[in-house]
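Single-structure report; data block below.
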There are 2 protein chains.
Amino acid sequence: MSTHRRPTIRDVAELAGVSMATVSNVVHGHAHVREGTRQRVFDAIEKLGYRASRAAKSLPAGRTFMLAYCLPGDTAPNSALDVFLHQVVSTASDADLELLLFAQKRADRVQPYAELLRGGGADGFVLSEIEYEDKRVAYLKERNIPFACFGRVDDPAVHWVDVDGASGIRAAVEHVYLQGHQRLAFVGWPNGSPTGDDRLLGFTEETESLGLEPQSVVRVINDFDAGRKAVPNLMDGSDPTAIVCVSDTVALGVMAGLRDIGAAPGADVAVTGFDDIPAASLTAPGLTSLRQPMDQVGALLVQRLVAQLIGQSAPNSILVQPDLIVRESTTGNGAASAEPEPHTRERNL
Amino acid sequence: MSTHRRPTIRDVAELAGVSMATVSNVVHGHAHVREGTRQRVFDAIEKLGYRASRAAKSLPAGRTFMLAYCLPGDTAPNSALDVFLHQVVSTASDADLELLLFAQKRADRVQPYAELLRGGGADGFVLSEIEYEDKRVAYLKERNIPFACFGRVDDPAVHWVDVDGASGIRAAVEHVYLQGHQRLAFVGWPNGSPTGDDRLLGFTEETESLGLEPQSVVRVINDFDAGRKAVPNLMDGSDPTAIVCVSDTVALGVMAGLRDIGAAPGADVAVTGFDDIPAASLTAPGLTSLRQPMDQVGALLVQRLVAQLIGQSAPNSILVQPDLIVRESTTGNGAASAEPEPHTRERNL
DNA sequence: ACGTTTTCTTGAAACGCTTCAAATCGTGGA
DNA sequence: TCCACGATTTGAAGCGTTTCAAGAAAACGT
């Protein structure tokens with residue numbers, strides 16, 4: 001019952017028969033501590049299970065020993081969040097940092113950051129869902145607060161990590177090309193998102209470089225139905241044999257749309273997506289897609305952040321490559337009952 | 001360039017011409033502060049944009065003003081995490097609490113909690129993925145640390161919130177029964193998980209109560225392929241016309257398995273899932289499923305926790321009801337091109 | 001006008017840790 | 001043996017808040 005008081009540095013000092021200052025020195029590996037003393041202190045620490053309290057450390061240090069991440073405000077499902085967060089937390093923990101989560105409530109994207117900073121804040125921020133001219137970037141940069149972005153930023157001073165969407169799409173195009181497809185189409189997002197624009201760029205670049213004639217491109221919002229409804233238009237003019245999509249959601253819609261008009265995705269028309277969301281492998285035929293290495297991204301972001309915190313310089317921007325995951329939507333054997341790769345599991349939270 | 005120092009309570013005191021203690025009193029709404037003084041202090045606070053630093057508040061208070069949540073250790077996709085976390089963070093924020101995220105690194109489920117607590121900890125924990133005889137529950141309870149579980153715990157003293165899986169499955173059974181199905185089957189998880197056992201219970205209860213003869217039940221791990229491969233056995237003996245599944249992942253596998261043997265899910269055999277993962281609506285036919293109200297759960301958990309923190313008593317356990325989302329997998333019009341409900345969108349992180 | 005109350009304010013200690021100038025130790029050279 | 005000097009260790013201040021006993025001010029009754 002007696003909730004034992006957490007041991008303080010004073011308890012350790014007394015047990016080891018030294019002053020609090022010495023304990024602090026030992027803990028911080030400061031020079032000039034005699035070996036015997038160091039040992040006694042370590043023993044005491046061990047015995048008491050001592051660990052400096054975050055709050056007490058913060059106060060004199062003027063740092064919080066925490067990073068912060070703002071959950072996006074909308075409620076759209078974000079299937080990669082768990083992997084991403086897990087990696088962010090783990091990497092941060094390696095640098096003895098913890099992760100504070102906060103959320104955007106209103107439309108204002110900057111306000112939650114300002115609010116958090118007023119109340120003690122964090123030592124640095126991980127940003128995601130970067131948009132062109134992102135207000136948050138401007139806000140944090142102006143205040144000299146360390147941050148790292150998941151998503152490219154057009155400012156050489158800003159640290160960012162992004163997935164090379166263009167390169168990913170190029171790989172998808174090359175893949176279907178090697179499967180013998182010559183007439184491709186691209187289903188993209190509306191103009192104006194860094195991610196969408198980048199992926200489209202990959203499509204035009206690669207089809208050109210393969211010497212294919214200009215291919216048809218349609219743009220829809222990121223939505224299953226939008227993809228589904230885009231199919232009739234798409235098959236109208238150019239009559240493509242492969243449809244490269246900007247996202248899995250759209251691609252799955254396209255697959256449904258193909259079935260609506262009596263075409264078999266995978267067998268009659270190849271389809272590729274992007275993101276490798278769980279649904280891509282929970283459907284038959286499985287959807288060929290590009291997996292974003294969210295674990296890498298998470299780790300790199302935190303490393304970037306930590307580098308800033310300890311004043312190290314490091315390259316500011318990094319592009320990581322997505323992996324092409326080939327499934328039956330581009331290989332044709334749609335009814336294959338043997339899945340090539342182990343399926344991921346879905347859990348209850 | 002000059003990174004303005006965050007204003008402290010002393011700055012406010014000076015500007016308002018009062019002592020720090022008075023500022024503190026005003027902020028905390030303590031009695032006996034003259035109206036004029038209160039106003040002056042508020043003005044100063046407003047003008048300076050003052051907010052007490054979390055760390056400085058923590059120290060004398062002996063609390064951290066933070067809740068903590070441990071991300072599950074494995075890397076299985078958890079599509080509902082974002083909604084859940086968002087709600088947890090928002091609700092916590094309403095009580096002026098922030099959310100600290102940490103992660104399990106090794107197999108030991110308790111160790112990360114112990115570690116976090118040693119280093120300053122948190123005022124309370126939100127647990128998920130509760131198992132029978134959960135070690136974490138024992139650990140925290142023993143130490144008198146406030147916590148609330150997402151998942152039922154067989155201990156009246158423990159605060160928990162869970163989704164009523166049995167009731168959800170009963171609704172699914174009733175639904176397919178009303179569609180005219182009499183021969184049902186259940187695809188469940190291996191014995192031993194509170195969630196899986198509960199859902200199975202709903203199936204046996206409801207089929208019995210409907211006066212149906214004992215139905216066949218198979219158990220598989222929570223995996224697409226496992227569901228897919230279970231179909232042949234299932235259609236062997238009892239030849240069910242409706243298959244109720246313990247999860248969407250399994251259900252999607254079952255749908256694929258049905259196609260493998262030439263049956264049309266939705267048209268020939270009805271299929272239901274559980275969890276309403278994004279994939280359930282990103283497939284054709286859409287999968288009838290039970291949506292867990294993760295937002296409710298998140299909010300309730302935090303409310304439970306806050307009640308403990310401020311010493312209020314409140315009912316310890318709450319069951320929330322999942323919503324049956326009917327799609328074409330049980331209504332037959334599998335090729336319908338008009339989806340009944342707006343599709344959710346998938347984003348890049 | 002004066003002693004009492006009652007209402008407002010405030011000084012200073014305490015929270016646990018870091019820091020740094022100053023004190024103490026120990027050792028080699030004279 | 002004594003002193004200087006680097007190696008160790010430590011006392012005490014300070015980080016921003018809260019708290020509470022105690023002081024100051026306003027209000028009251030006579």
Side-chain angles (χ1 to χ4, degrees), chain A residues 3-42 44-45 48-66 96 98 117-123, chain B residues 3-42 44-45 48-66 96 98 117-123:
Chain A
T3 308
H4 276 300
R5 190 173 54 79
R6 260 162 41 81
T8 74
I9 198 174
R10 158 173 273 120
D11 299 323
V12 175
E14 278 173 11
L15 179 55
V18 298
S19 73
M20 286 158 42
T22 298
V23 176
S24 181
N25 285 338
V26 169
V27 170
H28 292 74
H30 275 282
H32 301 315
V33 179
R34 202 179 307 163
E35 186 50 31
T37 313
R38 173 193 310 285
Q39 203 44 250
R40 250 180 310 140
V41 170
F42 273 140
I45 287 178
L48 265 40
Y50 166 79
R51 186 122 148 7
S53 127
R54 191 194 317 114
K57 230 173 15 179
S58 283
L59 204 38
R63 309 190 291 131
T64 62
F65 304 97
M66 297 197 269
D96 265 310
E98 286 165 331
L117 283 171
R118 293 204 319 144
D123 296 345
Chain B
T3 308
H4 276 301
R5 190 173 53 80
R6 260 163 40 82
T8 74
I9 199 175
R10 159 172 273 120
D11 300 323
V12 175
E14 278 174 10
L15 179 55
V18 298
S19 73
M20 287 157 41
T22 298
V23 175
S24 181
N25 284 339
V26 168
V27 170
H28 292 73
H30 275 283
H32 301 316
V33 179
R34 201 180 306 165
E35 185 50 32
T37 312
R38 175 194 309 286
Q39 203 44 250
R40 250 179 310 141
V41 171
F42 272 140
I45 287 178
L48 265 41
Y50 167 79
R51 187 126 150 0
S53 125
R54 190 196 315 114
K57 234 177 6 183
S58 281
L59 201 39
R63 309 189 293 131
T64 63
F65 304 96
M66 297 198 269
D96 264 309
E98 286 165 330
L117 284 170
R118 294 203 319 145
D123 296 344

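Heavy-atom basis, side chains included; hydrogens, waters and symmetry copies ignored. In what follows, every chain begins at residue 1, and chains take the letters A, B, ... in the order their sequences are listed.
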Using atom CZ of A:R63 as one end and atom P of C:dC17 as the other, report the distance to the nearest whole Å.
16 Å
Round to the nearest Å and state the distance from A:H30 atom NE2 to C:dT18 atom C1'.
8 Å
A:D11 CG to C:dC17 C1', in whole Å, measures 13 Å
Show every side chain to side chain donor-acceptor pair (under 3.5 Å) that has at least one partner inside residues 50-60 of chain A, sequence neighbours left out.
A:R51-B:E115, A:R54-A:E98
Give me the atom names and distance for the closest heavy-atom approach of B:D11 to B:T8.
OD2-N, 2.8 Å
Would you name the heavy atoms of B:L59 and A:A56 that are closest together and state the gap between them?
CD1-CB, 3.8 Å
Check the distance between C:dT10's P and B:E14's CD and give it to me in whole angstrom.
13 Å
Spell out protein contact along nucleotides 7-17 of chain D as letters: B when the base is contacted, S when just the sugar-phosphate is, - when no protein heavy atom is under 4.0 Å; keep the 5' to 3' order.
SBBBB--BBBB
May I ask you to test the B:S19-B:T22 pair for a side-chain heavy-atom distance under 4.5 Å?
yes
Minimal non-hydrogen separation, A:A122 against A:T64, with atom names
CA-OG1, 3.3 Å
Bend angle of the helix from C:dA1-D:dT30 to C:dA30-D:dT1, end axes from five pairs each (to 10°):
50°
Note: B:M20 and B:A13 closest approach over all heavy atoms is N-CB, 3.7 Å
